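The structure that follows is given in the form of structure tokens.
Predicted, not measured: the structure shown is a model, and the values here were computed from it. Letters A, B, ... mirror the listed sequences (proteins, then strands); counts begin at 1. Basis for what follows: all heavy atoms, side chains included, without hydrogens, waters or symmetry-related copies.
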Amino acid sequence: MKIKALNGFKDVLPDEVGLWREVENQAREVFRTFHFSEIRLPILEKTDLFARSIGADTDIVEKEMYTFVDKQVTMRPEATASLMRAYIQHSLHTQKPVQRLFTIGPMFRHERPQKGRLRQFHQIDVEILGSANPRVDAELMAMAAQLFDRLGISVSLEMNSLGCPACRPAYRKLLLEFIESRIDKLCDDCKRRSTRNPLRVLDCKKPACRQEVESAPSIIEHLCQECSEHFSVVQQSLDSLGVSYQLNKFMVRGLDYYVRTTFEFITDQLGAQSAVCAGGRYDGLIELLGGGKIPGIGFAMGIERLVLLLQQKNELKGAGNGIDLFLAGLGDGASDFCYQAMHELRTLGFSADMDLESRSLKSQMKQADKAAASYTLIVGDQELEAGKATIRNMATKEQKEITLSSQAIATELEGGQY
RNA sequence: GUGGGUGUAGCUCAGUUGGUUAGAGCGUCUGGUUGUGGCCCAGAAGGUCGGGGGUUCAAAUCCCCUCACUCACCCCA
């Protein structure tokens, strides 16, 4: 094989597309009931947009973006920044005080691929803009939980609060002191993190670090009055909606713009990539990007990861690809009739197919079977002359003679469940 | 960027201490009489054994290099 897709880029073959559609359809349906609107965004944006929103010194911006350097544009590594840009550009806050939006599409990050992580990956991205109300946080998590429920995927919700510009600096200082007091016991990565992004030390995977960090000061206990109240209303609201969750004081965020509530839906079925959905509040982001002082909260879920989970469940496999009718013609005259009839039936809205290579009836029956056809029309020279055809119900094996016309065939197809 | 694992047919994989024309299952195609699918049976097509170099009378098998894929680290959905 000479020509192949790029490393980290994958084709979604027809057999798998059914699961993708399942995920997307269920998402759209759930979002509809929660009164969200879909928005479609460009994949390419000015590089500066991501540098400003995600954080210029994050790994994503520093080395993982697909950037056309000469044009100063970048393939989006996530959707939130683009969505904020569109929100600001079109002054969507003037249309409604609270905007509830979602978008679905590909994202690009030049990371080393591994299970559940590709260089082109797809996310369902949901945002609520214009409300700082903690009940919105809970509503959003409840919606995600409901989607997982409908998909039959079992995940657990973990939640934390990261504080805000008022209380995080003080906590950060406290944490730094803690880290420095035992810096020699931490791994090299954590030493680096401590200067770059101290919060990240909290979710190091190494057992030794975890143990050290166990007694670290918890941000939840150092929230300011407002953040603390916010967080407790979030919890009360989740309780009132019957959504179960766990507090995880070690859960932090990689992106700069998160404040207050953060959450992840995680699974133990995906190896190292345990997060299926992650999100949080970002009250300062819109202002940072030049919009108004507008709060926001959102989450992103990885479609590939959801599909992997559905595949592991081993249910609902490639359903819904069957056709209504397969036309089997024997001989040139019959084949000509089938060809035209097939087109007419398609025009009437039936899915139909036939063999154009004039193979044996047996072969054509096999093709009909493989196409999961509900009915097969059999036309030979005798039928053609008599103006009749045989139609076979593939499930029951019942056959009957019908008039040789598209209308008669259509009527027959209607009669059986259509 | 770093480390481990794996590269044999379209797919999943066998291939013994190097030894004839490299195998199986699934899939594909064709048959199993005269116009009928799924099951069964028979046959066929399909492979530069990832690529290059080396050792050897002889390499899928041993050595070196390279590429690809994969899992994990970093980072992150």
Side-chain angles (χ1 to χ4, degrees), chain A residues 1-10 13 15 54-55 57-65 77-80 106-126 144 155 187-190 192-193 196-197 200 203-206 251-255 262-267 270-280 298-306 308 326 328-331 334 355 357 359-384 389-399:
Chain A
M1 173 94 74
K2 280 208 160 142
I3 193 155
K4 289 165 84 171
L6 292 172
N7 188 14
F9 289 70
K10 276 227 161 55
L13 298 176
D15 279 350
I54 295 171
D57 57 352
T58 58
D59 273 26
I60 292 180
V61 171
E62 274 185 1
K63 48 192 187 194
E64 293 175 0
M65 296 205 300
E78 54 123 43
T80 301
M107 312 293 157
F108 305 84
R109 289 185 199 174
H110 192 100
E111 301 175 286
R112 202 66 177 269
Q114 66 189 68
K115 189 179 178 69
R117 179 219 264 179
L118 297 170
R119 288 183 172 172
Q120 177 181 335
F121 57 103
H122 299 77
Q123 286 188 333
I124 299 172
D125 193 76
V126 179
V155 290
C187 70
D188 289 347
D189 286 326
C190 282
R192 189 171 42 77
R193 288 183 187 114
R196 218 180 130 101
N197 189 354
R200 274 285 171 191
D203 72 346
C204 183
K205 285 176 183 166
K206 296 196 178 62
M251 191 184 71
V252 297
R253 279 285 93 114
L255 276 36
T262 59
F263 58 93
E264 280 179 20
F265 287 83
I266 60 174
T267 172
L270 289 180
Q273 304 303 318
S274 57
V276 180
C277 168
F299 67 73
M301 29 183 143
I303 298 183
E304 279 84 357
R305 293 180 187 181
L306 293 173
L308 279 171
F326 191 92
L330 297 165
D355 172 60
E357 313 302 323
R359 286 193 256 222
S360 70
L361 179 59
K362 177 171 183 160
S363 169
Q364 295 193 54
M365 290 302 292
K366 282 188 178 177
Q367 290 179 63
D369 188 54
K370 217 163 296 160
S374 302
Y375 287 87
T376 299
L377 185 81
I378 301 164
V379 190
D381 287 333
Q382 301 126 35
E383 280 104 331
L384 197 62
T390 302
I391 191 158
R392 177 181 176 89
N393 180 320
M394 296 299 278
T396 66
K397 298 184 179 183
E398 285 172 66
Q399 297 191 175

task = Not counting sequence neighbours, which residues clear side-chain contact (heavy atoms from CB on, under 4.5 Å) with A:D203? List them please.
result =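 If we apply the side-chain contact (heavy atoms from CB on, under 4.5 Å) test to A:D203, skipping adjacent residues, the hits are A:R200, A:V252.
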
query = Below 4.0 angstrom from OP1 or OP2 of B:C74, is there any side-chain N or O of A:R193?
reply =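 Affirmative; the distance criterion is met.
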
Residue list, salt bridge (Lys or Arg N to Asp or Glu O under 4.0 Å) with A:E383, at least two apart or on another chain = none

key: Under the ring-ring contact (aromatic ring centres under 6.0 Å, His included) test, residues paired with A:F265 that sit two or more places apart   =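 Residues passing ring-ring contact (aromatic ring centres under 6.0 Å, His included) with A:F265: A:F148.
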
query = Out of B:U70, B:C75, B:U30, which has the shortest distance to the side chain of A:R359?
reply =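 Closest of the options to the side chain of A:R359: B:U30.
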
message = If the condition is salt bridge (Lys or Arg N to Asp or Glu O under 4.0 Å), which residues does A:R112 pass it with, not counting sequence neighbours?
response = none

Within the sub-3.5 Å range, which N or O atoms of nucleotides 42-45 of chain B have a protein N or O partner, and how far apart are they?
none

key: Upstream residue (5' side of RNA chain B) when A:G271 and A:A278 are each assigned their closest nucleotide   = A:G271

task = Look at all strands and tell whether A:T376 reaches a base, only sugar-phosphate, or nothing, counting heavy atoms closer than 4.0 Å.
result =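 Here A:T376 touches no strand at all.
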
message = Quick check on B:C76: is either OP1 or OP2 less than 4.0 Å from any side-chain nitrogen or oxygen of A:R253?
response = no

task = Could you run through nucleotides 33-41 of chain B and give me one letter per nucleotide, 5' to 3': B if any protein heavy atom sits under 4.0 Å from the base, S if only the sugar-phosphate is that close, - if neither?
result = --BBBB---

query = Under the salt bridge (Lys or Arg N to Asp or Glu O under 4.0 Å) test, which residues partner A:R253, sequence neighbours left out?
reply =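 Here the qualifying residues are A:E264.
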
task = For B:U28 versus B:G23, give the span between their P atoms, rounded off to a whole number of Å.
result =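 Rounded to whole Å, the distance is 23 Å.
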
inquiry  = Classify A:F121 by what it touches in the nucleic acid, base, sugar-phosphate, or nothing, heavy-atom distance under 4.0 Å.
reply    = base

ask   = So, is A:N7 close to the B:A68 phosphate, meaning a side-chain N or O under 4.0 Å from OP1 or OP2?
value = no

query = Checking all strands, does A:G279 fall into the base, sugar-phosphate, or nothing category for heavy-atom contacts under 4.0 angstrom?
reply =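 No contact.
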
request  = Could you tell me which residues satisfy side-chain contact (heavy atoms from CB on, under 4.5 Å) with A:E64, sequence neighbours excluded, listed by chain and number?
outcome  = A:D59, A:I60, A:R109, A:E111

inquiry  = Under a 3.5 Å distance rule, please check whether A:R305 uses its side chain to pair with a backbone N or O of A:G116 as donor and acceptor.
reply    =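 Yes, the answer is positive, given that a donor and an acceptor are paired below the 3.5 Å cut-off.
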
request  = Return no unless some side-chain N or O of A:Q114 is found under 4.0 Å from OP1 or OP2 of B:A72.
outcome  =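 Yes, such a contact exists.
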
P spacing across the pair B:G4 / B:A44, given as an integer number of angstrom =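 My reading of the P atoms in B:G4 and B:A44 gives 46 Å.
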
query = Does the side chain of A:D369 come within less than 4.5 Å of A:F326's, by heavy atoms?
reply =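 They are not in side-chain contact.
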
message = Under 4.0 Å, heavy atoms only, any strand: does A:L118 hit a base, just the sugar-phosphate, or nothing?
response =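 The residue A:L118 makes base contact.
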
task = Could you provide the dot-bracket string of RNA chain B, using ( ) for intrastrand pairs, [ ] for crossing pairs and | for bases paired to another strand, with Watson-Crick or G-U pairs below 3.5 Å?
result = (((((((..((((.....[...)))).(((((.......))))).....(((((..]....))))))))))))....

task = Quote, to the nearest angstrom, the C1' distance that separates B:A68 from B:G50.
result =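 About 7 Å, rounded to a whole number of Å.
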
message = Can a donor-acceptor pair be found, under 3.5 Å and without considering hydrogens, that links the side chain of A:E304 to the backbone of A:R117?
response =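 Not a single qualifying donor-acceptor pair exists.
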
query = When we call it a touch if two heavy atoms are under 4.0 Å apart, what does A:E264 touch: a base, just sugar-phosphate, or nothing?
reply =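 It contacts nothing in the nucleic acid.
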
message = Taking side-chain contact (heavy atoms from CB on, under 4.5 Å) as the definition, give me every residue that meets it alongside A:A79, ordered by chain and number, with sequence neighbours left out.
response = A:T103, A:M107, A:D125

task = Could you tell me which residues satisfy salt bridge (Lys or Arg N to Asp or Glu O under 4.0 Å) with A:K206, sequence neighbours excluded, listed by chain and number?
result =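 Salt bridge (Lys or Arg N to Asp or Glu O under 4.0 Å) list for A:K206, sorted by chain: A:D189.
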
inquiry  = Heavy-atom nearest nucleotide on RNA chain B for A:P113 versus A:I303: which residue maps closer to 5'?
reply    =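 Nearer the 5' end of the strand: A:P113.
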
What pairs of nitrogen or oxygen atoms, one from the protein and one from nucleotides 1-7 of chain B, lie under 3.5 Å apart?
residue	atom	partner	partner atom	Å
B:U2	O4	A:R112	NH1	2.5

